[in-house]
Amino acid sequence: MRDTAAVEVAGLVKRYGNTTAVDGLDLTVGRGTVTAVLGPNGAGKTTTIETCEGYRRPDAGTVRVLGLDPVADAGDLRPRVGVMLQSGGVYPTVRAAEMLRHMAALHAHPLDVDALLERLGLTGCGRTPYRRLSGGQQQRLALAMAVVGRPELVFLDEPTAGLDPQARRAGWDLVRELHADGVTVVLTTHHMDEAETLADDVAIVDEGRVIARGSPEELCRGGAENTLSFTGRPGLDLGSLLKALPPGTSADEPAPGTYRLTGTVDPQLLATVTSWCAQNGVLPDGIAVERHTLEDVFLNLTGKELRS
Ligand code: ATP
């Protein structure tokens, strides 16, 4: 049982009337990992997550969560899976701390409620009715509610949307702690830095399918070429330099004495360039490696035009 993936989605299809929100999506989430699901607005992320949470039934395909069916086995999964929805689901007059204590009481080994309120900067508004909390406070309460029961697996739908930088960092610390405790985390986000800093694994979803998958580093390495630039005396023999470099690398001199190499920029390439410079009596100045960010990769894959 422990060997099964935390989440296994195969060929998931979900339609709303004429709209195909999810169109044959495959996603496997390993136990104990943090997986970030990225995608443009309307890509099908929330629909996929809500199907894994058992709130929606697939039109086709299969979904297994901790080896179980999220709809048929909802009762078994409820104590083991934490859920943070995009919008509250909290009774408007209930007080923040009261709500969290209520959630804690539903679980056998909950986290300490006061400590959790403190962690997320909610101690001062513990007695505030839900509807009077700011958007960011409601968001933090939703995050606390998702984790208070010490779940094995937690789904966080845009956990830090609308949070100020301090609260975002508190949220990130909480996710890191869950990860360190072996909890599986599946989160959706529009913040590429959030995915880069938290996720072991990223799935980029577009038009209801996963179009790229890997660690943030793998995606940045594979999704686009990187650039190494340096300055030296003008007119270096780039043909000779290119002979020393792996096939697929290109080189140019966009301005006299400024050189730019494009390709797979790795430590070996840097060593080859500096060694060629040494053999040719060149002292390269201002060596800079420009690596593509996850945002570059995301925009390359999903395009730059706005989604409706
Ligand atoms: P966002 O980043 O904007 O939250 P998302 O990737 O989470 O987007 P979904 O919310 O899953 O995307 O929506 C996927 C598609 O399904 C969109 O075209 C959306 O308009 C449609 N959709 C989602 N929920 C419903 C619903 N309850 N009824 C009808 N259409 C829906």
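These numbers were taken from a predicted model, which means no experiment stands behind them. We count ligands from 1, going down the list as the structure has it; atoms in each ligand are counted the same way. Residues: numbered from 1 along the sequence shown.
Any N or O atom pair closer than 3.5 Å counts here, and Gly44 shares at least one such pair with ligand 1. Considering backbone and side-chain N/O atoms, Thr47 comes within less than 3.5 Å of an N/O atom of ligand 1. At least one N or O atom of Gly42 sits closer than 3.5 Å to an N or O atom of ligand 1.
Under a 4.0 Å N-O distance rule, the pair Arg80/Asp73 does not qualify as a salt bridge. Between Glu50 and Lys14 there is no salt bridge, since no side-chain N of the basic residue sits under 4.0 Å from a carboxylate O of the acidic one. The pair Arg233-Asp285 does not count as a salt bridge, with every side-chain nitrogen at least 4.0 angstrom from each carboxylate oxygen. Classification of Arg119 and Glu177 as a salt-bridged pair holds, one side-chain N sitting under 4.0 Å from a carboxylate O.
Counting atoms of ligand 1 from 1 in the listed order, those under 4.0 Å from a heavy atom of Asn41 are 1 (P), 2 (O), 3 (O), 8 (O). Shown in contact with Thr19 at under 4.0 Å from a heavy atom are these atoms of ligand 1, numbered in order with element: 18 (O). Atoms of ligand 1 lying under 4.0 Å from at least one heavy atom of Ala43, given by number and element, are 5 (P), 6 (O), 12 (O).
Phe298 places none of its side-chain heavy atoms less than 4.5 Å from the side chain of Leu294.
Sparse packing is recorded around CZ of Arg132, with 12 or fewer heavy atoms of other residues, nucleotides or ligands lying under 6.0 Å away. Within 6.0 Å of OH on Tyr16 lie more than 12 heavy atoms contributed by other residues, nucleotides or ligands.
Residue contacts with ligand 1: His190 is included, with a non-hydrogen atom under 4.0 Å away. Within the structure, ligand 1 lacks Gly208 among the residues with a heavy atom less than 4.0 angstrom away. Contact annotation: Glu158 has at least one heavy atom less than 4.0 Å from an atom of ligand 1.
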